[in-house]
Amino acid sequence: MNYKYFPHTEEDLQAMMAKAGVDSLDALYAQIPESVRFRGDYDIPSEMSELEVRQLFEKLGSQNHPLTCFAGAGVYDRYTPAVIPSLLSRSEFLTSYTPYQAEISQGTLHYIFEFQSMMAELTGMDISNASMYDGTTASAEAMMMAVAAGKKQNRFLVSETVDPKTVEVMKTYAHFQGIELEMIPQEDGVTSRESLEAQLAQGGVAGVMVQQPNYFGIVEDYGGFADAIHNAKALFVMNSIIADLAVLKTPGEWGADIAVGDGQSLGIPMQWGGPYVGYMCCTEKLIRKMPGRIVGKTLDNRDQRAFVLTLQAREQHIRRQKATSNICSNQSLMALFVTIYCSLMGKQGLKEAADLSYAGAHYLCDQLLATGRFRLVYDRPFFNEFLVCYDGDADTLYQRFIEAGILGGVRLGDDGILFAVTEKRSKEEIDNLVKIAAL
């Protein structure tokens, strides 16, 4: 069979098959069971003109039904300045890969350096690496980093108030790394200090992870956590909604050793779950345990500013079995997205967006409670997200929201709904949701 876009001739194929010791392409797949092999024709249309292709995608796009989003749980409907997609679509950004050669990658290295600087400032930490894949895998990497730093200690504690999706990914990593991952119980929506201290007292703990704001939207008080964890010779890891750190106390101020999370809240559209970008920051003493790469600033032989990759562990490339992590490269387009967003918004813009989200969430909460149909599950300080119970058929209510063009929160349990409000939600949209909920 000839493949239109493959450069190999029949002679090329015969030569490669002879070298591989097979007489046909099918022989390469002989060990794959026939029961799982596809023998039919692909259900794809024949060739089309440009006009026909555009019409096809318009037809497919019309099947989408955009909803006004009041859901969160780790992914938020944030404002995206129009200039960002325009800049990201430039070919030098969109198609760039790994900046191995510093002399021809100054632009890429520069914006990665700025990304690191912004993440370090937002988290209040000493060091940031270049972008991680997403917040969940960054959390798993932080767990492995803590265990590597703890040497013979292989227990890792995670609060039950951490996003369950993140915990599931961490469990997968822990299983294959021989790490004992244990959960710290929550009490009334926050991490149990008593349980944490009891688990630390058992010994062998390499690290502890909490989240701020936590999965229920609550702003937890982590005063004294760092001392208790450090007294047990463990590392304190904090997972944060990065945009909220524009106004909240930073992981550095809480005494954290490692700060991780997802950068999606910094303007990246929800876009069906990705791509997003993770961040990882730490104290200076842990810099050599940090996975991935770090971009540094220096001077070239003409005393001009230059950017270079620095402190990248060789074990990630040539001795993989000895590596703390095997993350070696990451297409940094989403890191550039976050960098442009933070540059455009500035400190004041980030604070205003956070303030609007906070005010909108508290207004929505007050209005829902006023209907008499909702009860706040945890009467604790929250930021832009909160969990309520509905006095009625939650499935029916959720369907009413959908029919009205609203994504009305995230369902938790039989009657729980986790609502989130961002700076994009107007008072009219909030009032409309409350009107439907009060029926």
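- Scanning for ring-ring contact (aromatic ring centres under 6.0 Å, His included) contacts around Phe386 gives Phe382, Phe419, with sequence neighbours left out.
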Gln304/Leu299 under side-chain contact (heavy atoms from CB on, under 4.5 Å): CA gap, chis, key distance, verdict: CA-CA 5 Å; Gln304 294 179 328; Leu299 297 176; over 6 Å; no
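- Taking a cutoff of 4.0 Å between a charged side-chain nitrogen and a carboxylate oxygen, Lys249 and Glu253 do not qualify as a salt bridge.
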From CA spacing to verdict: side-chain contact (heavy atoms from CB on, under 4.5 Å), Asp355, Val247: CA-CA 8 Å; Asp355 288 342; Val247 294; 3.9 Å; yes
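- Atom CD of Glu121 is surrounded by 12 or fewer heavy atoms from other residues, nucleotides or ligands within 6.0 Å.
- No donor-acceptor pair under 3.5 Å is formed between the side chain of Arg155 and the backbone N or O of Leu200.
- A salt bridge does not link Glu58 with Arg54: none of the charged nitrogens is closer than 4.0 Å to a carboxylate oxygen.
- Residues in residues 258-286 take part in no salt bridge (Lys or Arg N to Asp or Glu O under 4.0 Å) pair, two or more places apart or across chains.
- At distances below 3.5 Å, at least one donor-acceptor pair connects side-chain atoms of Gln271 with backbone N or O atoms of Pro275.
- Side-chain atoms of Ser192 do not come within 3.5 Å of backbone N or O of Gln186 as any donor-acceptor pair.
- Heavy-atom neighbours of Asp379 CG from other residues, nucleotides or ligands within 6.0 Å: at or below the threshold of 12.
- What you find for Ala146 and Leu235 is that their closest heavy atoms are CA-CD1, 3.8 Å.
- Remark: side-chain polar atoms of Asp126 are not paired, donor with acceptor, to backbone N or O of Cys282 under 3.5 angstrom.
- With sequence neighbours excluded, the residues forming a ring-ring contact (aromatic ring centres under 6.0 Å, His included) with Phe113 are Phe307, listed by chain and number.
- A side-chain donor-acceptor contact under 3.5 Å links Ser265 to the backbone of Ala243.
- Looking at residues two or more places apart in sequence or on another chain, you find no side-chain hydrogen bond (donor to acceptor under 3.5 Å, both in side chains) involving Gln63.
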In a table with atom names and distances, give each donor-acceptor pair under 3.5 Å that connects a side chain of residues 205-213 to protein atoms at least two apart or in another chain.
from   : atom 1 : to     : atom 2 : distance (Å)
Gln211 : OE1    : Asp163 : N      : 2.9
Gln211 : NE2    : Pro213 : O      : 3.3
Gln212 : OE1    : Glu220 : N      : 2.9
Gln212 : NE2    : Glu220 : O      : 2.8

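- Other residues, nucleotides and ligands contribute only 12 or fewer heavy atoms inside 6.0 Å of the CZ atom of Arg90.
- Asn239 and Ser139 share a side-chain donor-acceptor pair at under 3.5 Å.
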Check against side-chain contact (heavy atoms from CB on, under 4.5 Å), Ile258 and Met290: CA-CA 10 Å; Ile258 305 172; Met290 179 177 278; over 6 Å; no
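- Within the 3.5 Å criterion, the main-chain N or O of Ala420 finds no donor-acceptor partner in the side chain of Asn384.
- Between Tyr358 and His362, the ring planes are tilted. Angles from 30° to 60° get that label.
- Of all heavy-atom pairs between Val277 and Phe115, the closest is CG2-CZ, 4.4 Å.
- Defined by atom type and a distance below 3.5 Å, a donor-acceptor pair is present between the side-chain atoms of Thr136 and Asp134.
- Between the side chain of Glu160 and the main chain of Thr191, no donor-acceptor pair closer than 3.5 Å is present.
- Counting only N and O atoms by type, the side chains of Arg78 and Ser357 include a donor and acceptor under 3.5 Å apart.
- A donor-acceptor contact shorter than 3.5 Å is absent between the side chain of Ser128 and the backbone of Cys281.
- Taking the charged nitrogens against the carboxylate oxygens, Glu168 and Lys165 have no contact shorter than 4.0 Å, which rules out a salt bridge.
- Residues passing the side-chain contact (heavy atoms from CB on, under 4.5 Å) test with Ile44, sequence neighbours excluded: Tyr42.
- In the model, Glu385 has a side-chain atom that pairs as donor or acceptor with a side-chain atom of Tyr76 under 3.5 Å.
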Verdict with reasoning, Met125 to Tyr279, per side-chain contact (heavy atoms from CB on, under 4.5 Å): CA-CA 12 Å; Met125 305 298 289; Tyr279 68 88; over 6 Å; no
CA sep, side-chain torsions, deciding dist, call: Arg305, Asp300, salt bridge (charged side-chain N to carboxylate O under 4.0 Å, His left out): CA-CA 7 Å; Arg305 184 182 65 174; Asp300 64 14; over 6 Å; no
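- The local environment of CD in Glu50 is sparse, with at most 12 non-hydrogen atoms from other residues, nucleotides or ligands closer than 6.0 Å.
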side-chain hydrogen bond (donor to acceptor under 3.5 Å, both in side chains) evaluation trace for Thr137 with Tyr173: CA-CA 9 Å; Thr137 52; Tyr173 275 70; 5.2 Å; no
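- Although no hydrogens or angles enter the test, the distance criterion places no donor-acceptor pair under 3.5 Å between the side chain of Asn432 and the main chain of Glu429.
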